[in-house]
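Working notes, structure below.
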Amino acid sequence: MPTKFEEKVYKAVKKIPKGEVRSYEWVAKQIGRPKSVRAVGNALNKNPYAPIVPCHRVIRKDGSIGGFASGAGKKVELLKREGAEHCSARTYVNKEKIC
DNA sequence: AGACTGACATACC
DNA sequence: CGGTATGCCAGTC
């Protein structure tokens with residue numbers, strides 16, 4: 001059962017437009033806790049709303065994916081396939097640029 | 001209740 | 001520039 005905090009996180013992530021990517025900091029800011037990026041990651045890690053919340057659109061500020069439950073690399077491909085057709089969205093994996 | 005963990009960020013060496 | 005170290009927040013053991 002997700003807590004209020006997590007609910008806010010999911011809500012914020014769901015707001016991310018398709019084909020766009022946001023940083024954890026961005027999400028944290030949306031929920032009103034810019035420094036709770038870790039907690040955000042924790043919430044997304046459980047991600048009970050897997051298909052509802054596009055967690056793969058949430059990346060690090062550096063542009064790196066960071067890590068995902070199903071594998072960062074796979075998530076990047078999925079991300080590229082889903083929306084980030086152009087390289088406009090900084091799509092990196094562990095500091096490595098995909099596009 | 002206390003300690004550890006985790007998908008981060010920033011600072012310092 | 002790259003790796004190491006510390007701080008942060010919420011959740012879970």
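Side-chain atoms are counted along with the backbone in the values below, which use heavy atoms only and exclude waters and symmetry mates. Naming convention: chains lettered A, B, ... in sequence-line order (proteins, then strands); numbering from 1 in each chain. This one's a predicted model, so the numbers in the text were calculated from it and none came from an experiment.
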Taking for each residue the nucleotide of DNA chain C with the nearest heavy atom, is it K46(A) or V40(A) whose nucleotide lies nearer the 5' end?
-> V40(A)
Of dC8(B), dC9(C), dT5(B), the nucleotide closest to the side chain of N42(A) is dT5(B)
From CZ of R60(A) across to P of dA9(B) the rounded distance in Å is 5 Å
In whole angstroms, how far is the P atom of dA10(C) from the CG atom of N47(A)?
-> 19 Å
In short, A72(A) meets G67(A) closest at the heavy-atom pair CB-CA, 4.1 Å
Which part of the nucleic acid does F5(A) contact within heavy-atom distance under 4.0 Å: base, sugar-phosphate only, or nothing?
-> sugar-phosphate
To the nearest Å, how far apart are K29(A) NZ and dC9(C) C1'?
-> 16 Å
Flag the pair K61(A) / Y24(A) as yes when at least one side-chain heavy-atom distance between them is below 4.5 Å, and no otherwise.
-> no
Could you tell me whether the side chain of R38(A) has a donor or acceptor atom within less than 3.5 Å of a complementary atom in the base of dG11(C)?
-> no
Report the nucleotide, chosen from dT10(B), dA10(C), dA7(B), that has the shortest atom-to-atom distance to any side-chain atom of R33(A).
-> dA10(C)
Length of the CD1-P vector between I31(A) and dC8(B), whole Å | 15 Å
Using whole Å, report how far CG of L44(A) lies from P of dG11(C).
-> 13 Å
Any side-chain N or O of K61(A) under 4.0 Å from OP1/OP2 of dT10(B)?
-> yes
Hey, does I52(A) have a side-chain heavy atom less than 4.5 Å from the side chain of K14(A)?
-> yes
Side-chain contact test, heavy atoms from C-beta onward, threshold under 4.5 Å: evaluate it for C55(A) versus K46(A) and give yes or no.
-> no
Heavy-atom side-chain proximity of R57(A) to K18(A) below 4.5 angstrom = yes
Separation of D62(A) atom CG from dA9(B) atom C1', in whole Å?
-> 8 Å
Rounded off to whole Å, could you give me the CD-to-P distance for the E7(A) and dG11(C) pair?
-> 11 Å
Atom NZ of K8(A) and atom P of dC9(C): how far apart are they, to the nearest Å?
-> 14 Å
